[in-house]
Amino acid sequence: MTHLRQAMLEELHRRNYAASTITYYVKNVEQFARYFRRSPDRLTQTHLRTYQAYLLRERKLAPRTVKLHVCAIRFLFNKILRRRYLVEETPYPKTPRRLPIVLTVEEVQRLIAAARTLTDRTMLMVLYSTGMRNAEMRHLQIGDIDSRAMLIHIRHGKGGHDRYVPLSAALLATLREHWRWMQPRTYLFPGTLHNWRVDRPITPKVVWDACRRAAHRAGLTKRVSAHTLRHSFATHLLEAGADLRTIQLLLGHAEVRHTVLYLHLSRRHLQAVANPLEALAIPAPETVYKSRRLHQR
């Protein structure tokens, strides 16, 4: 198992996979081998199909999560063990298409105002005003803030791509106050080690806790995360008149088909469509025969 793990790590690094992807792939393959109590090189595609059913039926994992497990195991089989399995023989589970949660402008205002600390407020404002991903914000550095050009440089985004996003005046004022109080060296939001501040990025849990606390204090019933603010950012831009291509570039989407999703969330676009029912001459509901009530008065 040790030599396979090392070979997999080397191949993942050679292909320049993200650090989070490398950790996830290795962890999933280890769980796969632990389930059958065998070394991964002694497992076959039949084991993979059995394991896939186990993840869906017994562990009740979401289809997207199971897909990531299958990706990791297929990487092992195809790239490390050199087994050429057809995709059709190990299909990905069908994933239901659900629309993401989006906050209204008023809800975003309440959320930011309810932040418990200055750091929490600054993180929430960065997420909403730029549409950054959780990992992109956590790795944001002092030098990425260009107050002269009023731009923020996002380095090594999803897929390793860089991009620029606008820096609003309101966010700049909050960032300056945060910098004066925190005095960070490299990373804008430095993490901690044994309760002592260190010059390294914060963990994903810090961002999650900031969103959760603010949502609770604001009295929001919607589930709020960093990605919720990202979806809200894109939707509100679309409702304000921004075009899809601009939003695609700001979000760092590789293809515009991923950005088209926000057309389903924009109230301005949904309400701009004429409803065919309005063109029908239908009698008033008061004139329609009403059936007998089935419950006691």
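Residue numbers run from 1 in the order of the sequence given.
Listed by first and then second residue, the salt bridge (Lys or Arg N to Asp or Glu O under 4.0 Å) pairs that reach into residues 174-191 are Glu177-Arg180, sequence neighbours excluded. Pairs passing the ring pair (Phe, Tyr, Trp, His ring centres under 6.0 Å) check and including a residue from residues 105-133, sequence neighbours excluded, read Tyr128-His236. Screening residues 199-209 for salt bridge (Lys or Arg N to Asp or Glu O under 4.0 Å) gives Lys205-Asp209, Asp209-Arg212 as the qualifying pairs, with residues at least two apart or on separate chains. Within the structure, every pair that satisfies the ring pair (Phe, Tyr, Trp, His ring centres under 6.0 Å) test and touches residues 180-214, not counting sequence neighbours, is listed here: His178-Phe189.
If you chain together hydrophobic residues whose side chains sit under 4.5 Å apart, Met182 and Trp179 never meet in one group. A continuous path of ILVMFWY side-chain contacts below 4.5 Å connects Leu56 to Val70, so both sit in one hydrophobic cluster. Grouping the Ile, Leu, Val, Met, Phe, Trp and Tyr side chains by contacts below 4.5 angstrom, directly or via other members, places Leu249 apart from Met132. Linking Ile, Leu, Val, Met, Phe, Trp and Tyr whenever their side-chain heavy atoms come within less than 4.5 Å leaves Tyr164 and Phe233 in two separate clusters. Both Val29 and Leu81 are assigned to one and the same hydrophobic cluster, defined by single-linkage of ILVMFWY side chains at heavy-atom distances under 4.5 Å.
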Scan the side chains in residues 11-24 for donor-acceptor partners under 3.5 Å anywhere in the protein, sequence neighbours excluded, and list what turns up.
residue: Glu11; atom: OE1; partner: Arg14; partner atom: NE; Å: 3.2
residue: Glu11; atom: OE1; partner: Arg14; partner atom: NH2; Å: 3.3
residue: Glu11; atom: OE2; partner: Arg14; partner atom: NH2; Å: 2.6
residue: Glu11; atom: OE2; partner: Arg15; partner atom: NE; Å: 2.7
residue: Glu11; atom: OE2; partner: Arg15; partner atom: NH2; Å: 3.1
residue: Thr23; atom: OG1; partner: Ala19; partner atom: O; Å: 3.1

When the side chains of residues 138-158 are checked against the rest of the protein, which donor-acceptor pairs come out under 3.5 Å, sequence neighbours left out?
residue: Arg138; atom: NE; partner: Asn134; partner atom: OD1; Å: 2.8
residue: Arg138; atom: NH1; partner: Ile202; partner atom: O; Å: 3.3
residue: His139; atom: ND1; partner: Ala135; partner atom: O; Å: 2.9
residue: Asp144; atom: OD1; partner: Arg155; partner atom: NE; Å: 2.5
residue: Asp144; atom: OD1; partner: Arg155; partner atom: NH2; Å: 3.4
residue: Asp144; atom: OD2; partner: Gln141; partner atom: N; Å: 2.9
residue: Asp146; atom: OD1; partner: Arg148; partner atom: N; Å: 3.2
residue: Asp146; atom: OD1; partner: Ala149; partner atom: N; Å: 3.1
residue: His153; atom: ND1; partner: Arg155; partner atom: NH1; Å: 3.4
residue: His153; atom: ND1; partner: Arg155; partner atom: NH2; Å: 3.3
residue: His153; atom: NE2; partner: Asp162; partner atom: OD2; Å: 3.4

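Met125 approaches Ala170 most closely through the heavy-atom pair CE-O, 3.9 Å. Shortest non-hydrogen contact noted between Ala72 and Asn28 is CB-CB, 3.8 Å. Heavy-atom minimum distance, Leu124 versus Ala214: CD1-CB, 3.7 Å. Scanning all heavy atoms of the two residues, the minimum distance from Leu111 to Ala215 falls at CD1-N, 3.4 Å. The shortest non-hydrogen separation linking Ser129 to Ser168 is CB-OG, 4.5 Å. The nearest pair of heavy atoms linking Leu251 to Gly131 is CD2-O, 4.0 Å.
With a 6.0 Å radius and a threshold of 12 heavy atoms from other residues, nucleotides or ligands, Gln31 has its CD atom above the threshold. Other residues, nucleotides and ligands contribute at most 12 non-hydrogen atoms within 6.0 Å of the CZ atom of Arg64. In His216, the NE2 atom is not crowded: 12 or fewer heavy atoms of neighbouring residues, nucleotides or ligands sit closer than 6.0 Å.
Annotation: the span from Leu4 atom CG to Ile80 atom CD1 amounts to 8.0 Å, rounded to 0.5 Å. Rounded to the nearest 0.5 Å, atoms CZ (Phe32) and CG (Leu48) are 5.5 Å apart.
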Please assess Leu127 against Val207 for the test side chain to side chain contact (heavy atoms under 4.5 Å, CB included), listing each intermediate value before the final yes or no. CA-CA 10 Å; Leu127 290 169; Val207 183; 4.0 Å; yes

Where do Phe77 and Ile73 land on the side chain to side chain contact (heavy atoms under 4.5 Å, CB included) test, with the steps shown first? CA-CA 6 Å; Phe77 284 163; Ile73 299 168; 3.8 Å; yes

Worked verdict on Thr259 versus Leu238 for side chain to side chain contact (heavy atoms under 4.5 Å, CB included):
CA-CA 10 Å; Thr259 317; Leu238 192 61; over 6 Å; no

Exercise. Using the side chain to side chain contact (heavy atoms under 4.5 Å, CB included) rule, take Leu167 and Leu175 through it: C-alpha gap first, then chi angles, then the decisive distance, then the call.
Key: CA-CA 10 Å; Leu167 170 62; Leu175 285 173; 3.9 Å; yes

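For Arg217 (side chain) and Ala114 (main-chain N/O), a donor-acceptor pair under 3.5 Å exists by modelled atom type. In this structure a side-chain-to-backbone donor-acceptor pair under 3.5 Å is missing from Ser266 to Tyr262. For Ser39 (side chain) and Arg42 (main-chain N/O), no donor-acceptor pair under 3.5 Å exists by modelled atom type. Of the possible polar contacts, none joining the Arg5 side chain to the Glu30 backbone as a donor-acceptor pair under 3.5 Å is found. Judged by distance alone, the side chain of Arg163 and the main-chain N or O of Leu250 form a donor-acceptor pair under 3.5 Å. A donor-acceptor distance shorter than 3.5 angstrom exists from the side chain of Glu136 to the backbone of Arg133, with no hydrogens or angles considered.
With Thr174 as reference, Thr122 is the one residue of Thr122, Ile112, Val126 to meet the side-chain contact (heavy atoms from CB on, under 4.5 Å) rule.
For Asp243, the side-chain contact (heavy atoms from CB on, under 4.5 Å) partners are Arg245, Thr246, not counting sequence neighbours. By the side-chain contact (heavy atoms from CB on, under 4.5 Å) test, Glu58 is found to be paired with Tyr54, residues two or more places apart in sequence or in another chain being considered. Remark: Ala173 engages no residue in a side-chain contact (heavy atoms from CB on, under 4.5 Å) (not counting sequence neighbours). The salt bridge (charged side-chain N to carboxylate O under 4.0 Å, His left out) check on Arg83 picks up nothing, with sequence neighbours excluded. By the side-chain contact (heavy atoms from CB on, under 4.5 Å) test, Ile101 pairs with Lys222, Arg223, Thr228, sequence neighbours left out.
Within the hydrophobic cluster formed by Ile, Leu, Val, Met, Phe, Trp and Tyr side chains joined at under 4.5 Å, directly or through other members, Ile282 is accompanied by Leu277, Leu280.
A donor-acceptor pair shorter than 3.5 Å cannot be found between the side chains of His47 and Thr50.
Relative ring orientation between Phe36 and Tyr51 is described as tilted, the plane-to-plane angle lying within the 30° to 60° band.
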